[in-house]
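Here the structure is a predicted model, which is why all the values come from computation and not from measurement.
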Amino acid sequence: MESFTGILHGFAVAMQPYYLLMGFLGAVLGTAIGVLPGMGASLAISLLLPFTFKLVDPIGAFILFGGIFYGAQYGGSTTSILINTPGESSSVVTAIDGYQMARKGRGGAALACAAFGSFFAGTIATFLLMVMAQPLVDWSRSWFSRSVRSRRSTPAIR
């Protein structure tokens with residue numbers, strides 16, 4: 001129940017207009033950088049990291065980074081579909097079918113499929129991360145404590 005309260009609090013914070021603007025700005029910047037061939041989500045975040053030091057608060061920075069990441073992923077699929085130039089390894093499969101659709105005049109449909117698939121998969125993955133984060137942390141802590149206990153029980157060699 002405590003994790004559910006935390007999730008609701010996170011949604012209440014993220015739905016404030018300033019943070020929604022940060023998410024939108026991140027998605028636009030990420031898409032603009034992701035469209036450039038060879039520029040992926042990691043590079044986009046690396047390039048835009050210095051802007052977050054003084055311009056936004058930490059919560060806004062994380063939301064901005066999330067928008068940049070998802071926007072750059074979608075931007076990479078845009079170049080894969082329209083000009084058959086995947087900018088990163090995650091866009092290679094999109095180039096196979098998407099470019100063929102674009103050649104047949106269905107580039108808009110391919111871009112819409114990529115956008116919908118990206119949104120759907122990102123939403124499911126984020127939800128699963130929210131649900132599974134605490135059990136994974138508890139499991140990893142129990143595993144770590146066993147290894148620490150086993151090291152403490154063995155005498156030190158001098």
Side-chain angles (χ1 to χ4, degrees), residues 1-82 86-98 101-102 106-148:
M1 190 64 179
E2 181 181 325
S3 63
F4 183 70
T5 307
I7 291 171
L8 287 179
H9 176 69
F11 278 126
V13 171
M15 290 299 157
Q16 294 176 8
Y18 174 73
Y19 296 130
L20 289 174
L21 178 68
M22 287 291 108
F24 178 75
L25 181 66
V28 169
L29 288 172
T31 303
I33 290 178
V35 167
L36 302 171
M39 307 270 283
S42 302
L43 186 60
I45 290 174
S46 300
L47 288 174
L48 297 173
L49 179 68
F51 294 112
T52 62
F53 290 147
K54 298 286 183 183
L55 296 178
V56 295
D57 60 319
I59 296 171
F62 277 111
I63 292 174
L64 183 72
F65 288 151
I68 290 169
F69 180 80
Y70 285 117
Q73 290 288 82
Y74 177 69
S77 68
T78 303
T79 57
S80 296
I81 291 169
L82 296 180
E88 53 198 16
S89 60
S90 62
S91 300
V92 171
V93 177
T94 307
I96 296 170
D97 290 332
M101 288 179 71
R106 299 198 28 100
L111 288 171
C113 286
F116 180 72
S118 176
F119 174 76
F120 185 72
T123 303
I124 297 295
T126 303
F127 178 75
L128 287 175
L129 180 63
M130 287 188 312
V131 170
M132 295 300 296
Q134 190 61 46
L136 285 173
V137 167
D138 294 340
W139 175 73
S140 67
R141 282 186 177 170
S142 69
W143 183 69
F144 179 72
S145 62
R146 270 189 255 145
S147 67
V148 170

Could you grab the distance from atom [atom1] of [X] to atom [atom2] of [Y], nearest 0.5 Å is fine?
X: I68; Y: M22; atom1: CD1; atom2: CE; answer: 10.0 Å
X: I81; Y: R106; atom1: CD1; atom2: CZ; answer: 12.0 Å
X: Q16; Y: I59; atom1: CD; atom2: CD1; answer: 8.0 Å

Heavy-atom count around Y19 OH within 6.0 Å, excluding the residue itself: above 12?
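Check passes, neighbour count above 12.
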
For the OH atom on Y18, are there more than 12 heavy atoms of other groups (residues, nucleotides or ligands in this structure) within a distance under 6.0 Å?
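Counting neighbours around OH of Y18, more than 12 heavy atoms of other residues, nucleotides or ligands fall under 6.0 Å, so yes.
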
Heavy-atom check, side chain of T52 versus side chain of F62, under 4.5 Å
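Contact flag for T52/F62 side chains = no.
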
Answer whether the closest heavy-atom distance between the side chains of F51 and L64 falls below 4.5 Å.
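In short, these two side chains do not touch, never coming nearer than 4.5 Å.
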
Under 3.5 Å, side-chain donor or acceptor atoms of residues 28-40 against the rest of the protein: list the pairs with distances, not counting sequence neighbours.
{"residue": "T31", "atom": "OG1", "partner": "A27", "partner atom": "O", "Å": "2.7"}
{"residue": "T31", "atom": "OG1", "partner": "G71", "partner atom": "O", "Å": "3.3"}

List the atom of [X], the atom of [Y], and the distance in Å for their closest heavy-atom pair.
X: E88; Y: A72; result: OE2-O, 4.1 Å
X: S90; Y: Q73; result: OG-OE1, 3.7 Å
X: A41; Y: F69; result: CB-CD1, 3.4 Å

S91 side chain vs S80 backbone, donor-acceptor pair below 3.5 Å
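Not at all, since once roles are kept as given, no pair shorter than 3.5 Å links the two residues.
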
Return all side-chain donor-acceptor pairs below 3.5 angstrom for residues 125-135, not counting sequence neighbours, or 'none' if the list is empty.
{"residue": "T126", "atom": "OG1", "partner": "Y70", "partner atom": "OH", "Å": "3.4"}
{"residue": "T126", "atom": "OG1", "partner": "G122", "partner atom": "O", "Å": "2.7"}
{"residue": "Q134", "atom": "NE2", "partner": "D138", "partner atom": "OD1", "Å": "3.1"}

Ring-plane angle category for F116 and F120, please: parallel below 30°, perpendicular beyond 60°, tilted otherwise.
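F116 vs F120 ring planes: parallel.
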
